[in-house]
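Predicted model, so just to flag it, every value in this text is computed and none were measured. Each ligand, and each atom within it, is numbered from 1 in the order the structure gives.
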Amino acid sequence: MSDPFLIGDAMTGGYGKGPDILHGCTIAAEKGEIAVIVGPNGAGKSTAMKAVFGMLNVNSGSVRLDGEDITRLTPQERVVKGMGFVPQTSNIFTSMTVEENLEMGAFIRRDDFRDTMTQIYDLFPILKEKRNQAAGELSGGQRQQVAVGRALMTKPKVLMLDEPTAGVSPIVMDELFDRIIEVARTGIPILMVEQNARQALEIADKAYVLVQGRNAHTGTGKELLADEEVRRSFLGG
Ligand SMILES: Nc1ncnc2c1ncn2[C@@H]1O[C@H](COP(=O)(O)OP(=O)(O)OP(=O)(O)O)[C@@H](O)[C@H]1O
Ligand SMILES: [Mg+2]
């Protein structure tokens with residue numbers, strides 16, 4: 001079987017010299033698909049994302065992008081290879097304007113990025129309206145759009161999002177999910193951590209439940225939504 005487009009395969013590792021947080025954890029994303037990672041607080045979801053992005057050492061296992069082993073690359077080198085990452089916290093520059101945030105996102109590019117900015121403003125029209133406002137003045141949902149837009153400025157081949165709908169209302173969550181689906185349809189695979197498990201599984205082509213740094217359940221979103229054990233333990237029945 002051929003590799004998924006992006007895979008963190010059997011990753012074991014933790015922070016610095018601390019104990020292992022991940023114990024053989026695997027997460028992956030296929031072309032044109034949305035992969036969702038859910039699980040309880042402290043399960044290691046963010047840690048798994050950071051491991052895929054190269055922010056912690058994996059003692060064993062590997063990370064492969066488009067068939068290439070990138071396990072030893074720095075995060076910046078991974079961005080150059082085509083990874084876009086929106087971390088769970090501190091994902092925008094609050095004192096800079098919306099447009100400056102997007103420009104910062106293009107830091108690795110030497111070409112003209114105005115077309116990309118236009119595409120991002122088409123995807124998130126509110127950002128165009130507020131382009132000269134400090135990002136810190138925006139609502140939670142709008143800030144998340146800035147963060148996703150900033151990551152898209154590098155024209156990534158794969159987009160990783162850690163809780164893109166954290167702290168937003170259900171309506172704004174639905175809107176953000178619609179935009180994320182739109183991005184996936186352009187061919188950019190999405191690897192996304194979500195605390196809104198039920199809604200996330202509904203849009204997930206592939207889904208992972210992580211518990212204590214391990215894969216507890218894996219399947220399509222539909223399969224996990226129908227799984228008695230997953231429903232009882234993670235979806236409130
Ligand atoms: N920078 C860090 N240094 C040391 N330990 C950390 C660090 N970040 C997280 N941890 C530990 O790693 C474990 C997993 O945390 P992680 O943030 O990956 O969980 P999570 O599944 O993303 O949780 P949440 O749903 O709350 O975002 C926890 O025990 C946490 O205390
Ligand atoms: Mg987290």
among protein heavy atoms, the one nearest atom 28 (C) of ligand 1 is G42 O, 4.1 Å
Within the structure, is a non-hydrogen atom of G39 found at a distance of less than 4.0 Å from ligand 1?
no
Legend entry - Polar side chain donor-acceptor pair, Q199 to D174, under 3.5 angstrom: no
Checklist entry - With no hydrogens and no angle check, do the side chains of T12 and D20 hold a donor and an acceptor under 3.5 Å apart? => result no
the protein heavy atom lying closest to atom 16 (P) of ligand 1 turns out to be T47 OG1, 3.6 Å
Nearest heavy-atom approach of G141 to L176 is O-CD2, 4.2 Å
Between T154 and A151, the two heavy atoms sitting closest are OG1-O, 3.1 Å
Q: For atom 13 (C) of ligand 1, decide whether some protein heavy-atom distance is shorter than 4.0 Å.
A: yes
Checklist entry - Is E182 salt-bridged to R185, cutoff N-O under 4.0 Å? => result no
Closest to atom 26 (O) of ligand 1 among protein heavy atoms sits N41 ND2, 3.1 Å
Note: ligand 1 atoms sitting under 4.0 Å from heavy atoms of P40 are 21 (O)
For P156 and G84, the nearest pair of non-hydrogen atoms, with its separation, is CB-N, 3.6 Å
Determine, for E33 against K206, whether the closest basic-nitrogen to carboxylate-oxygen distance falls under 4.0 angstrom.
no
Is there an N/O/S atom in Q88 that lies less than 2.8 Å from the Mg ion (ligand 2)? yes
Nearest heavy-atom contact between F5 and K31 is CE1-NZ, 3.6 Å
Nearest heavy-atom contact between G8 and V52 is CA-CG2, 4.0 Å
Nearest non-hydrogen protein atom to atom 5 (N) of ligand 1, with distance, is Y15 CD1, 3.4 Å
When distances are taken from atom 17 (O) of ligand 1, the protein heavy atom at minimum range is S46 CB, 3.8 Å
- [ ] State whether T47 contributes an N/O/S atom found under 2.8 Å from the Mg ion (ligand 2).
- [x] no
The option among E163, Q88, K45, K50 carrying the non-hydrogen atom nearest to atom 20 (P) of ligand 1 is K45
Does even one non-hydrogen atom of G44 get within less than 4.0 Å of ligand 1?
yes
Would I21 count as being in polar contact with ligand 1, using the rule that some N or O on each side must be under 3.5 angstrom apart?
no
